[in-house]
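In what follows, a single structure is set out as structure tokens and then discussed.
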Amino acid sequence: MLFQQTYAKSSGISHTGGRTLVDFAPDLGREPTFFRGKIGDVIRYRDAMIALRDVVVSDLNVKPKDHTAYQAWLQEQYMLDIASSLGEQEKLQVRIKELVSRQRSLQKKVFKQDEHFYKAQRQYFNYLYEVDRQAWFVLDPVITVAPDQVFFEAFSLDESSYGRLAVHEELFQDVKDFQYGTTNIDFSDALLNEIKRMRTYKPTEFQVDPSGFEVDIIGREVYKEKKIDVPTSWIRGFLQVQSAMSLPTTSFDVRPIDLYNICSFLRRHREKHSPRSMKWVLEPGQPIKVVIEPWNEEIVFPQSVHLGNERQEIRTWGRRRLALLERLLPLTNNITIHLLGNGLPSFFVVDMGAVSFTLGLSGWTRNDWAAAGNFDLMVGGLKEATPSESTLIFSQLKLRKTTTDSELAVYTNLPVATVQAGLRQLCSAGRVMFDLEIGKYRLRELTRNPLPMEELQMTNPREDKAEKLVEAGQVKLGSVVPQQEGRIELAGSVAYKDRPFTPKVTLDRDGRVEQASCNCFFYRQNRLMQGPCEHMLAIMQLHRRNS
């Protein structure tokens, strides 16, 4: 997908007259979005911005070593060893040594001939990395100016970590100009060194520059335009994060020292074999503890008590990504952890007072958000909203910026189930997001143009299989049992050749998958780490039709 971004200037930080100005240049092609005010707590803002940049540049995928030179040397030694072991004629050994020497001489000539090219190439990439490093990354960050906060969103290079930095209204003083909305900002890595220079003794002003919108863009001399070919995985990753955030979670609070103890242990130990998971042990009325495998190191959080009624053990992977939060721990008041389940995503909401930072981690490092999560399949829903209903819901949310589904039902005079269906559709289109920190929906239009949903939906083959099973009459819904707090437990059977499958699904009051099981191979191998199997989807579809 091709995106065009137009900026009146480059973003920058200036230190003049004993004060600091943080000046972000917005995309002029989007609806006017700007903000201007003073930063009250410079240190929290500075370290949070650095942490967000750490998320953007992180890439923990395993990179295999280059053994080309070693293999070439090994081949030479092998040829010499053959000649020596044969011991047949000294002439043969001398001849092979001559050929090897000749080969090395030719390689040196070739390298010398191309030396100027490689030197120029290396200088260019060094220049690009230092002067215009944003060209190394896929897309400029997304910034949203909302009534209660200004927040940034970004993805890591390996697309397994999502970072959201929220600067709350109480951090800003003497707010002069603002216009609510979402835009892209020109944010090159050259800003990082300037951000590190921010100090408490220098009054610091923050602005998403409003001056760029004061003159019509037509006929205006523009500093730069960028056309960026954005991979579908980047956009789909954002949409999957929204689906995962809206799912039921097991949540609890921990202290900053608890997370520091985990990071400290992992920094001092390097695992050499599996399992490489962290097992969260939650017992009712007992302090929460985590077991770090394979050492079975147990860390107890004495000030964090599990308030649930059931004992749970939840395993998560990709734990070394937690180091992205270490910088923030000295400034942190509290951390809320949201776990979706074994091998499923987890969210860490760091409360720093007037600043908060949300780190979303996929199931494990190599399982990026876009590739295999399929969390949109688990959002469920027993009702669909019509285009006119979705438009009405969006217009009311655009008017109020932040609200809940029950409040929107009052504003629109629509049933709550219809509002929830409309919000799911708007989240899937990238126009609305669910804020896990406050439990409300926010207006946040990811792009200035409507997203090509036919490219992003990436229809899952399991959905097609489920549809065919239902159409063929191979699915039977055995029971629909109401549970506490509006939950529904579905049980059924799916006839497939000579082997029947018996899926079970528990949906919460909003129609989202809370628990599920099946006796098929896909579920035994993946559980819910790649979403529900076609048999679960089939009984959910049949129940939706009958409702």
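All residue numbers in this chain count up from 1 along the given sequence. Source: prediction; values computed, not measured.
Note: Phe252 and Trp280 have tilted aromatic rings, judged against thresholds of 30 and 60 degrees for the angle between ring planes.
In this structure, Glu169 has no salt bridge (Lys or Arg N to Asp or Glu O under 4.0 Å) partners at least two apart in sequence or on a different chain.
Remark: the backbone N or O of Arg255 is paired with a side-chain donor or acceptor of Asp258 at under 3.5 angstrom. The main-chain N or O of Met352 is found under 3.5 Å from a side-chain atom of Arg44 such that the two form a donor-acceptor pair. A side-chain donor-acceptor contact under 3.5 Å links Thr412 to the backbone of Leu408. Side chain of Arg199 to main chain of Lys196: a donor-acceptor pair is present (N/O by atom type, distance under 3.5 Å, no hydrogens or angles). One N or O on the side chain of Glu407 and one on the backbone of Thr404 form a donor-acceptor pair closer than 3.5 Å. In this structure, the side chain of Arg320 engages the main chain of Leu266 through a donor-acceptor pair within 3.5 Å. In this structure, the side chain of Ser304 does not engage the main chain of Pro302 through any donor-acceptor pair within 3.5 Å.
What you find for Leu322 and Cys263 is that their closest heavy atoms are O-SG, 3.8 Å. Closest heavy-atom contact between Cys427 and Tyr441: SG-CE2, 4.1 Å. Taking each heavy atom of Thr403 and Leu397 in turn, the nearest pair found is CG2-CD1, 3.4 Å. Here the closest non-hydrogen pair linking Asp54 and Arg327 is OD2-NE, 3.7 Å. The two residues Ala244 and Leu340 come nearest to each other via the heavy atoms O-CD2, 3.7 Å. When all heavy atoms are compared, the tightest approach of Pro287 to Phe301 is CB-O, 3.5 Å.
Contact check for Thr200 versus Ile43: side-chain heavy atoms found under the 4.5 Å cut-off. Residues Ser395 and Lys398 fail the side-chain proximity criterion, which asks for heavy atoms closer than 4.5 Å. Counting heavy atoms from C-beta on, the side chains of Leu423 and Phe434 never come closer than 4.5 Å. The side-chain heavy atoms of Asp47 and Leu331, taken from C-beta on, include a pair separated by under 4.5 Å. Taking the side chain as every heavy atom from C-beta outward, Arg311 and Pro284 approach each other to under 4.5 Å. Taking 4.5 Å as the limit, some side-chain heavy atom of Leu339 sits within range of a side-chain heavy atom of Thr316. You'll find the side chain of Phe265 reaches within 4.5 Å of the side chain of Glu297, heavy atoms only. Within the 4.5 Å cutoff, side-chain heavy atoms of Gln312 are placed close to those of His306.
Taking a cutoff of 4.0 Å between a charged side-chain nitrogen and a carboxylate oxygen, Glu271 and Arg319 qualify as a salt bridge.
Rounded to the nearest 0.5 angstrom, Asp41 CG and Gln173 CD are separated by 9.5 Å. Considering CZ of Arg36 and CG of Asp174, their distance stands at 10.5 Å, rounded to 0.5 Å. Note: Thr249 OG1 to Ile337 CD1 = 11.5 Å, rounded to the nearest 0.5 Å. Within the model, atoms CG of Leu344 and CG of Leu247 stand 8.5 Å from one another, a figure rounded to the nearest 0.5 Å. Taking CE of Met433 as the reference point, atom CZ of Arg442 lies at 7.0 Å (rounded to 0.5 Å). Note: Thr250 OG1 to Glu310 CD = 9.5 Å, rounded to the nearest 0.5 Å.
Using modelled atom types and a 3.5 Å distance limit, the side chains of Glu437 and Ser356 yield a donor-acceptor pair. For the residue pair Tyr260 / Glu326, no side-chain donor-acceptor distance below 3.5 Å is found, with atom types taken as modelled. In summary, the side chains of Thr336 and Asp253 do present a donor paired with an acceptor at a separation below 3.5 Å, with no hydrogens or angles considered. Residues Arg444 and Thr144 have side chains that never bring a donor and an acceptor to within less than 3.5 angstrom of each other. For the 3.5 Å distance criterion, the side chains of Arg400 and Gln396 qualify, holding a donor opposite an acceptor. In this structure, a donor-acceptor pair under 3.5 Å is absent between the side chains of Thr506 and Glu514. For the 3.5 Å distance criterion, the side chains of Ser346 and His338 fail to qualify, holding no donor opposite an acceptor. Judged by distance alone, the side chains of Ser390 and Arg424 never bring a donor and an acceptor atom under 3.5 Å apart.
Considering Tyr180, Phe151, Phe172 in turn, Phe172 is the only one that fulfils the ring pair (Phe, Tyr, Trp, His ring centres under 6.0 Å) rule with Phe35. For the side chain to side chain contact (heavy atoms under 4.5 Å, CB included) criterion with Phe348, the lone passing option out of Val254, Leu361, Leu324 is Leu361. When each of Val291, Ile314, Ile262, Ile299 is tested with Met278 by the rule side chain to side chain contact (heavy atoms under 4.5 Å, CB included), just one qualifies, namely Ile262.
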> For Leu443 and Thr402, what are the C-alpha separation, side-chain angles and deciding distance, and is it a side chain to side chain contact (heavy atoms under 4.5 Å, CB included)?
Replying inline: CA-CA 7 Å; Leu443 179 72; Thr402 305; over 6 Å; no
>> Determine whether Ile50 and Ile195 satisfy the following criterion, side chain to side chain contact (heavy atoms under 4.5 Å, CB included), listing intermediate values before the conclusion.
In response: CA-CA 8 Å; Ile50 296 173; Ile195 288 176; 4.1 Å; yes
> Would Lys440 and Asp435 count as a salt bridge (Lys or Arg N to Asp or Glu O under 4.0 Å) if you check the C-alpha gap in whole Å, the side-chain angles of each, and the deciding distance to 0.1 Å?
Replying inline: CA-CA 5 Å; Lys440 293 184 177 182; Asp435 189 341; over 6 Å; no
>> side chain to side chain contact (heavy atoms under 4.5 Å, CB included), that's the test. Do Val432 and Phe394 meet it? Break it down for me.
In response: CA-CA 8 Å; Val432 173; Phe394 181 75; 4.3 Å; yes
> Is there a side chain to side chain contact (heavy atoms under 4.5 Å, CB included) between Leu329 and Ile335 once you walk through the steps?
Replying inline: CA-CA 9 Å; Leu329 296 181; Ile335 301 171; 3.8 Å; yes
>> Set out, in order, the CA-CA distance, both residues' side-chain angles and the distance that settles salt bridge (Lys or Arg N to Asp or Glu O under 4.0 Å) for Lys401 and Asp148, then state yes or no.
In response: CA-CA 9 Å; Lys401 312 306 180 191; Asp148 59 334; over 6 Å; no
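Within 6.0 Å of CD in Glu313 there are more than 12 heavy atoms belonging to other residues, nucleotides or ligands.
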